[in-house]
2 protein chains.
Amino acid sequence: MKPTIYDVAKEAGVSIATVSKVLNSNGRISDKTRRKVNQVMERLNYQPSMVASALTSRKTGTVGLMIPDIANPYFAEVARSFEDNAQKLGCDIIICSTDRDDDRAERYMSLLLRKRVDGLIIASHTGSPELIRRMLSDRVPLVLFSADIRSLESNSVSIDDYKGGYLATEYLLSLGHRNLGILSDNLPGSELRVQGFMEALEAGGISFDNPDNLIRTSATLENGRTAAVRMLSQTAGKRPTAIFACNDLLAIGVLKEARQFGLSIPRDLSVIGFDNTLLAEICHPSLSSISQPVHEMARQAMQLLNEEIEQEGAPKRKVLLMPELVVRHSTGPAPAAGV
Amino acid sequence: MKPTIYDVAKEAGVSIATVSKVLNSNGRISDKTRRKVNQVMERLNYQPSMVASALTSRKTGTVGLMIPDIANPYFAEVARSFEDNAQKLGCDIIICSTDRDDDRAERYMSLLLRKRVDGLIIASHTGSPELIRRMLSDRVPLVLFSADIRSLESNSVSIDDYKGGYLATEYLLSLGHRNLGILSDNLPGSELRVQGFMEALEAGGISFDNPDNLIRTSATLENGRTAAVRMLSQTAGKRPTAIFACNDLLAIGVLKEARQFGLSIPRDLSVIGFDNTLLAEICHPSLSSISQPVHEMARQAMQLLNEEIEQEGAPKRKVLLMPELVVRHSTGPAPAAGV
DNA sequence: TGAATTAGGGTAAGCGCTTAACCTTCATTT
DNA sequence: AAATGAAGGTTAAGCGCTTACCCTAATTCA
């Protein structure tokens, strides 16, 4: 059997309280006793049970990370960032991929609560707003990540999606494109990206009047291709010369399909993505994209979460970070007009 | 405060033992009592504390997954597969990315032990063999994933890496290539892939005599490119017409660099990867690769782990699954000879 | 020198569950 | 009708920690 605090105490000839005190370095202990106890712990290879300590201290040192899918490179990167930040605080992370299925989300949530995790990170609206509201009213420490819910009084860390959409669009306009398409996924944040797109167009004096150049779909490579087919098979006048996709996967779908249409990128068509994932570098031509400061976001989120864990009624905060344009090789000047 | 089993018992007018029994549906309880208790639990929104139950039952329902890096798409996919399989068993997963740093691995390991996880999955030799041996002798349930250590009497689930290397090479030979290069990473499994490569060459009556056509490096895009430069800048006679990379990331590095050399793929150069990750589909041209049955591997690993958790001295088993060749567009017939 | 601190450590009561052992009823068996 | 046994619960002892509180002896101060 694994040694317990009793074994250590007996071996060291002290009480378990003393052992506990040297373990947590609190209380008054003489150097001599401390050393002896430490030696015994070492010798017995004592590993204090966090499940026992969690029972009394009410801290498990575990936080739950709810995301749509860890196999999605964006979320994998997010997870990694959280892991690193958690480690600095001496805690670890339980990954929960929900596939955006409310039932799965609810089951996971319940599991996490029963495990008494110290807090929750909820990325991209994983789980219904109703569910989140319930957690909030149960005072579960929690921070929304990468997609805020304005109506909820909760912590959140996200980027300015509107700004991101605006940046991407402005950039395409600056390249001379006048006929733009937009491919959105069905996440709440993406709606803001679309808004940014629209307002940048307006600011550029361009009206968006072709409804076929706006497609909403969920984020898979295949859906990106399908949408691309729809946009690109329009007549030359209506077909966009540049497409803004609300995430990299969709953008790459467009890239792939464009080839089928015999379009050269960026000569005939510019494509820009969002999230600046590993994929953007991998694909060919490499993808221009709007980048999120994922690591910094995770850092702040973890910090907010920690504050709320430490002191129950900590004031909620909403942090908004700025996205940045990363130019690679999938965007270029608009083709000469009138061709 | 969260309601406890005492609250439920009092409300339902029974003892906590009774509540515990309906909770775990064991022991003898009348339908009437069961219903009443269930009602009360519902009404109070009772969430039994798994930390308390773990303290007595010695089951936390958590397993640790040690991997090099969750941000690496291959391991992200592995993690997802484990997650799904774990969920079926009602447990969840703590992710530990170690970056192959033995210290990090050791710290994580220790954390997991203190958390009293039910078991460990150790993917790709994460942590030193010595560390693993120690776990084993401490009788921690554990299964090695994707890279066995033959000398250790432990469970393991992996693919036949040798076979994978053989398959890839045989395929390139069948396309008429006679001058092959190989790019290996520094994982133990990859050594077997190299062996498979070598023996397939031999079986094909080809001798591998140019040491510059074998490069070992760690798995990053950048390293793939660097290695590609070295191989491709050789004179036409020595330069390989096909390159086998021991993982997709390296392969894609080659793909990218080949373009800088003005080589068209697969016309001038064939490239094949390993792992068949999402990346293989994303890149252009899409990458032929050797695929691992990741989901099935995770299923079996989880099952082995579970068996060992259930009964202490369960016999160890080593499972070996077969990789498969997936042909895409990065491989083609060897260029006409003598050019 | 005697009283008041203080340093160093022990006692014991939980934390919220599980489970072996035990105690009633009440229906069956002979 | 007495003995037997099953059905349905209850009691209480842990699981391995934390921590408020208490005690003793050594130190300090007037």
Side-chain angles (χ1 to χ4, degrees), chain A residues 1-41 44-62 90 110-118, chain B residues 1-38 40-41 44-62 90 110-118 310:
Chain A
M1 279 305 300
K2 271 190 171 320
T4 72
I5 199 173
Y6 291 95
D7 301 322
V8 176
K10 188 184 297 177
E11 276 286 305
V14 298
S15 75
I16 62 167
T18 302
V19 176
S20 176
K21 281 173 192 162
V22 347
L23 220 42
N24 305 292
S25 34
N26 58 13
R28 294 190 281 245
I29 301 288
S30 69
D31 270 16
K32 193 173 136 212
T33 314
R34 186 199 322 288
R35 261 196 301 279
K36 186 168 54 178
V37 171
N38 276 323
Q39 269 174 29
V40 173
M41 295 200 294
L44 299 186
N45 188 23
Y46 169 61
Q47 312 262 25
S49 161
M50 294 185 75
V51 4
S53 71
L55 189 57
T56 33
S57 72
R58 289 142 189 302
K59 294 248 167 300
T60 51
T62 305
S110 154
L111 184 57
L112 293 177
L113 291 186
R114 275 175 295 147
K115 292 223 167 166
R116 301 291 191 262
V117 295
D118 295 337
Chain B
M1 279 305 299
K2 271 191 169 322
T4 73
I5 199 172
Y6 290 95
D7 300 321
V8 175
K10 188 184 297 177
E11 276 286 306
V14 297
S15 75
I16 62 167
T18 302
V19 176
S20 175
K21 281 174 190 161
V22 347
L23 221 42
N24 305 292
S25 34
N26 58 13
R28 294 189 282 245
I29 300 289
S30 69
D31 271 16
K32 196 173 135 212
T33 315
R34 186 199 322 287
R35 260 197 300 280
K36 186 168 54 179
V37 171
N38 276 322
V40 173
M41 294 200 295
L44 300 186
N45 188 25
Y46 170 61
Q47 311 260 25
S49 160
M50 294 184 74
V51 4
S53 70
L55 189 57
T56 33
S57 71
R58 289 143 189 303
K59 293 247 166 301
T60 52
T62 305
S110 154
L111 184 56
L112 292 177
L113 291 185
R114 276 175 293 147
K115 292 224 168 167
R116 301 291 192 264
V117 295
D118 295 336
E310 303 278 84

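We name chains A, B, ... by the order of the sequence lines, and we start the count at 1 in each one.
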Just the atom pairs and distances: protein N or O near nucleotides 14-19 of chain D's N or O, under 3.5 Å.
residue : atom : partner : partner atom : Å
D/dC15  : O3'  : B/R58   : NH2          : 2.8
D/dG16  : OP1  : B/R58   : NH2          : 2.8
D/dC17  : OP1  : A/Y46   : OH           : 2.9
D/dC17  : OP1  : A/S49   : N            : 3.3
D/dC17  : OP2  : A/I5    : N            : 2.6
D/dC17  : OP2  : A/Y46   : OH           : 3.4
D/dC17  : O5'  : A/Y46   : OH           : 3.3
D/dC17  : N4   : A/Y6    : OH           : 3.2
D/dT18  : OP1  : A/N24   : OD1          : 3.4
D/dT18  : OP1  : A/N24   : ND2          : 3.2
D/dT18  : OP2  : A/S20   : OG           : 2.5
D/dT18  : OP2  : A/N24   : ND2          : 3.3
D/dT18  : O4'  : A/T56   : OG1          : 3.1

Response to the item:
Of all heavy-atom pairs linking B/A9 and B/S15, the shortest is CB-C, 3.8 Å
Response to the item:
Scanning both residues in full, the closest heavy-atom pair of A/Y6 with A/I16 reads CD2-CG2, 3.6 Å
Worksheet, complete the sentence: Here the gap from A/D7 atom CG to A/M41 atom CE, rounded to the nearest 0.5 Å, amounts to 13.0 Å
Worksheet item: Can you find a side chain N or O atom of B/S30 that sits less than 4.0 Å from OP1 or OP2 on D/dG9?
Response: yes
Among residues at least two apart in sequence or on other chains, which ones pass side chain to side chain contact (heavy atoms under 4.5 Å, CB included) with [X]?
| X | result |
| --- | --- |
| B/R114 | A/Q47, A/P48, A/M50, B/S110, B/L111 |
| B/T33 | B/V14, B/T18, B/I29, B/S30, B/V37 |
| B/T60 | A/V51, B/A54, B/T62, B/R116, B/D118 |

Discussion item. Using a 3.5 Å distance criterion without hydrogens, assess whether the side chain of B/K36 forms a donor-acceptor pair with backbone atoms of B/G13.
Written reply: no
Item to complete: Note the angle between the end axes of the helix from C/dT1-D/dA30 to C/dT30-D/dA1, five pairs defining each, rounded to 10 degrees.
Response: 40°
Discussion item. If the test is side-chain contact (heavy atoms from CB on, under 4.5 Å), which one of B/L23, B/L44, B/V22, B/N38 qualifies with B/V8?
Written reply: B/L44
Rounded to the Å, how far apart are [X] [atom1] and [N] [atom2]?
| X | N | atom1 | atom2 | answer |
| --- | --- | --- | --- | --- |
| A/K32 | C/dG8 | NZ | P | 11 Å |
| B/R34 | D/dA7 | CZ | C1' | 13 Å |
| B/R28 | D/dA7 | CZ | C1' | 6 Å |

Worksheet entry | Sugar-phosphate only, base, or nothing, as touched by A/S15 at under 4.0 Å among non-hydrogen atoms | base
Worksheet item: Just wondering, are more than 12 heavy atoms of other shown residues or ligands nearer than 6.0 Å to NZ in B/K2?
Response: yes
At a cut-off of 3.5 Å, list every protein nitrogen or oxygen paired with a nitrogen or oxygen from nucleotides 24-29 of chain C, distance to 0.1 Å.
none

